[in-house]
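Below is one structure, written out as C-alpha cells; comments come after it.
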There are 2 protein chains.
Amino acid sequence: MVPLQHPIQVVSHLTGLSPHVIRVWEKRYGAVTPARTDTNRRLYSDAEVERLRLLARATEVGHKIGIIAKLEMADLRRLVATVSMGVHGLDAVSHAAPEAGTPLKETKMGGSVVKPWMPPEPEGAAVGPLPGSAEQSDARLVVEALEATRSFRSDALQRVLEQGSVRMGHNGVLHRLICPLAQEIGELWQRGEVTAAHEHFASAVIRDFLMRSARPYATEDGAPRAIVTTPAGQLHELGAVMVAAAAANLGWRPIYLGPSLPPAEIAGAALQNSARAVLLSIVYPADDRWLPRDLIQLRKLLPPSVEIVVGGRSARAYADVLKEIGAISPDGLEELSDLLEEMREESGAEEGQSGSVAGGNGA
Amino acid sequence: MVPLQHPIQVVSHLTGLSPHVIRVWEKRYGAVTPARTDTNRRLYSDAEVERLRLLARATEVGHKIGIIAKLEMADLRRLVATVSMGVHGLDAVSHAAPEAGTPLKETKMGGSVVKPWMPPEPEGAAVGPLPGSAEQSDARLVVEALEATRSFRSDALQRVLEQGSVRMGHNGVLHRLICPLAQEIGELWQRGEVTAAHEHFASAVIRDFLMRSARPYATEDGAPRAIVTTPAGQLHELGAVMVAAAAANLGWRPIYLGPSLPPAEIAGAALQNSARAVLLSIVYPADDRWLPRDLIQLRKLLPPSVEIVVGGRSARAYADVLKEIGAISPDGLEELSDLLEEMREESGAEEGQSGSVAGGNGA
DNA sequence: TTGAAATTGTCTAGTGTTTGTCTAATTTGA
DNA sequence: TCAAATTAGACAAACACTAGACAATTTCAA
C-alpha cells in the first residue's frame, strides 16, 4: 500500500499556499523534501502536507519562514499553539482557515496521529477494559471530566460530577473526583496544554456544582463561620471553592468571597461576620514577593481568636511567613477536613459570639 | 526540543504592543534583551513575551513603563494581579504604586455622575406611572438584598433572591431585582462605600442563584450556543452571569467562562463549541486602551457567522470599535433579551456551521 | 495655577534583509 | 497541442534595524 501522495496542485489547495511558494520554501529553506515521480514531479506525503500547513499557519502570524522552516514537527506544533492562543494554548482557532476539523482531539491526518491530549498517561484504553476497582472507576470519571472540560461541555461535566456525587457521596466526590481533577487541570494549564478559558470554565461548573450540593448543610444556624477566599494576586479560585464546600460539609458556614482580595478586605469581612477562621487557598504564583506582607498584615488586622488556615499547592512555598503568623497549613484536603472538624467541635463550647439570632433558615 | 523563539511581529501580535513600542522599551528602559539572529533580527523567548505582556498590562492601568521596566517577574505578576483585581486605591497603593491616587478611574470627577448600570431606563414611564405597589415591593426587596450584601449574609441574600423568584418568576427576578441590585452595588463600589469583598460576595451568591435557577432550560439539545464572558481586564462578572441567565431563559445554551479572557481564548472556545454568538459584558474600566484592540482581534478570529454582542454599563464607551467590528450592542437587559429571542428563532433554520469535515484528503 | 522638565508613544529616514511573485526556458502529461 | 511542472534567476514590496525628532502628557516645584 503506497502511502497516499499528493501532487503540488492538491497540496496548494490544501494548504492555501501557491505552488510557487511551496517550491520556493523547499528550495530556499528545505522546508519539505517531497518524493518525486519518475518524471520529476513532486509528490507530497500527508505528513508533509501537515507540515506545510503548520508552516503556513505560523507565517500567517508573523513567524519568519526562513527561521522556522527547519524546526521539527513537535516544535512547530508548539509554536503554532502558543501563537494562535495566548501564551498558553493548544490548537484551535482556525479563523480564516477552511480546515476546521476536530480542534481538540487528535487532528487525525492521514496516518499521523497528532498529539493525543493526555501526554504521558499510558491510558491506552482508558475506558475501563480492565475490571474496575473503585479506584479505577474514580480515575475513569476524572478522565471523563477532563474530556468534558477540554471540549467545554458543561452538561457533560455536570453529569460526571453528579455521577460521582451519587457514587461517592458529597464528600467523596470532593476528595476523589474534584480534587484530582483540579490538580490535573492545574498542571495542564501550567504546561500550556489547556487554556485559561478551560480553567475558567471548569471552575465555573465545579463551583456551581459544589455550591449547590453543599448548600443543605450550610443552613445550620449555630455553625461557626469561615471566610473563604484567596489572597490578592491569587486568581485561581477552584481551591477556595473546594475548601468552602469541604467546610460546608463539615458543619461550618463558609462565606465565600471569590478570589484575590487584599488583606484589609478579608479582615473586614471576617470581622463583620464574627468569623472563626479565614481559609485561604494559594496556588499560583508561588513566588509572589508581596504575599508574605499581605499575610502579615492580615494577621495584624484580625483578632487573635481568628485562625488563619492556608492550603493549596503553593502554600508550602510561603512556609516561613505562615509559621511566623501562626497560620495553620494542612497538607491536602484530608488534613484540612480533619482540622476543620476539630476546630468546629472545640469552638462549639466557647462560642458566644453573635450569630445565633440572625434570621430563620432559608425556606 | 528547541527553545522556541519569536520574531518581533509575533510578539507584537501576542502582546498587543506595536513593534515600535517594543523596540523603544528595549532601547530606553532595557525592559527585555532579546537574542538576535545572525542578521541582527530580534528573537524573543517565551519568558520575554510574558514579561512584555505583563508590562503591557501594567502600563495599561497607569503604571510608568520607565519605573516598572526593570522589575522582576514576580513583582510584575503581583503588580498586574493586584491592580487588576483589587483596584481601588486602598491596598494596591501601598504596594509598589507610588501614586496615591486611583490611577484608573477619574470618572467621578466634578459633577459628572457615574453612568447608571444599564442605560437610563425611564423607569416610571415604562412600567407604570402609578405608584404601583408591585414596584414598591420590588424596591423593598432590592434594599433587603443590599443590606444582606453589606453584612455578608449569604443566606439572607439567597432568601431575598428566592422570594423574588417566587414573586416575579425567573425572568422577573433577573430584570427587576438582580439587575437593579447589581447596578446599585456597582455604584456603591465606585463610590467606595462597599468594598471589593462585598462585590465579590454578592457576585458569588447571585451567580450561584442564577446558575441554579436557570439550569433547567439549558438542557435542550438543539439550542444555539453562546459563549458568555468578559474581555480581558474586565473583572466584574456579574453582568456576564446575568446575561448567561437571560440567555438560558430564552432557550439558548450559554457557555459561561467567567470573567477576563483574552480574545484568542474566547475565540477558541467559540470555535470549539460552534457557538452562534459571543456575549460580552463590559462594566468597569470604561477607558481601557486595549479593549478596542482585543475586540478587533476577536472579530478577526471568529468566523463572520458568529455574532458579537456587547452589553454592560460601559459598552457605550467603546461605541466606535463596536461599530467597527459590527458588534451588536443592545441597550439594557430588555433589549438584549429581545435580541437573543430573535437570533435564536432565525438561527433555528440555518443551523450547523462547524466545519465537520476534517482533513481534505482521502482519510 | 503656571511653566519648565521629564516621560513616553509615535513618526521619519536611511539601510539592509527577507520573502512572495514573476519571467524564461524546458519538460511532462492528457 | 495546450495546460501544467520543473529549474534558475531576477525583482520589488514588505519588513526590521538604527538613530533621532516630535508632540502630547505628566510631574513637580515655584
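Fair warning: this is a prediction, and the values are worked out from it, not measured in the lab. Reminder, nothing fancy here: chain letters follow the sequence lines and each chain counts from 1.
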Tell me, please, which residues at least two apart from E48(A) pass side-chain hydrogen bond (donor to acceptor under 3.5 Å, both in side chains). S45(A)
Using the test ring pair (Phe, Tyr, Trp, His ring centres under 6.0 Å), find all partners of H200(A) that sit at least two apart in sequence or belong to another chain. none
Those residues that, when tested against E324(B), pass salt bridge (charged side-chain N to carboxylate O under 4.0 Å, His left out) (two or more places apart): none
Figure out the NE2/C1' separation between H6(A) and dA5(D), and round it to whole Å. 18 Å
Rounded distance in Å - CG (D38(A)) to P (dA5(D)): 18 Å
Whole-Å distance between dT27(D) C1' and I65(B) CD1? 18 Å
Aromatic rings W189(B) and H236(B): how do their planes relate, parallel, tilted or perpendicular, breaks at 30° and 60°? perpendicular
Counting just side-chain N and O atoms, does W25(B) come under 4.0 Å of either OP1 or OP2 of dG9(C)? yes
Does Y29(B) have a side-chain nitrogen or oxygen under 4.0 Å from the phosphate oxygens OP1 or OP2 of dT7(C)? no
Which residues share a side-chain hydrogen bond (donor to acceptor under 3.5 Å, both in side chains) with E237(B), sequence neighbours left out: R207(B), Y256(B)
With Q9(A), which residues qualify under side-chain hydrogen bond (donor to acceptor under 3.5 Å, both in side chains), at least two apart? none
Measure from CD1 on I22(A) to P on dT19(C) and round the result to the nearest Å. 17 Å
Side-chain atoms of residues 32-43 of chain B: list all donor-acceptor pairs with protein atoms under 3.5 Å, sequence neighbours left out, distances to 0.1 Å.
unit_1 : atom_1 : unit_2 : atom_2 : d
R36(B) : NH1    : N40(B) : O      : 3.0
R36(B) : NH1    : N40(B) : OD1    : 3.2
R36(B) : NH2    : E26(B) : OE2    : 3.4
T37(B) : OG1    : T39(B) : N      : 3.2
T37(B) : OG1    : T39(B) : OG1    : 3.0
T37(B) : OG1    : N40(B) : N      : 3.4
T37(B) : OG1    : R41(B) : N      : 3.0
R42(B) : NH1    : E26(B) : OE1    : 2.6
R42(B) : NH1    : E26(B) : OE2    : 3.1

Round to a whole Å and report the spacing from CG of L55(A) to P of dG20(C). 11 Å
Look at all strands and tell whether S18(A) reaches a base, only sugar-phosphate, or nothing, counting heavy atoms closer than 4.0 Å. sugar-phosphate
Using modelled atom types and a 3.5 Å cut-off, is there a donor and acceptor pairing between side-chain atoms of S314(B) and backbone atoms of V283(B)? yes
Protein heavy-atom contacts under 4.0 Å, written 5' to 3' over nucleotides 8-24 of chain D as B (base), S (sugar-phosphate only) or - (none), form the string B------SBSBB-----
Under the rule for side-chain contact (heavy atoms from CB on, under 4.5 Å), what residues qualify as partners of A31(A), not counting sequence neighbours? W25(A), L55(A), A69(A)
Over the length of the helix from dT1(C)-dA30(D) to dA30(C)-dT1(D), how much do the five-pair end axes diverge, rounded to 10 degrees? 50°
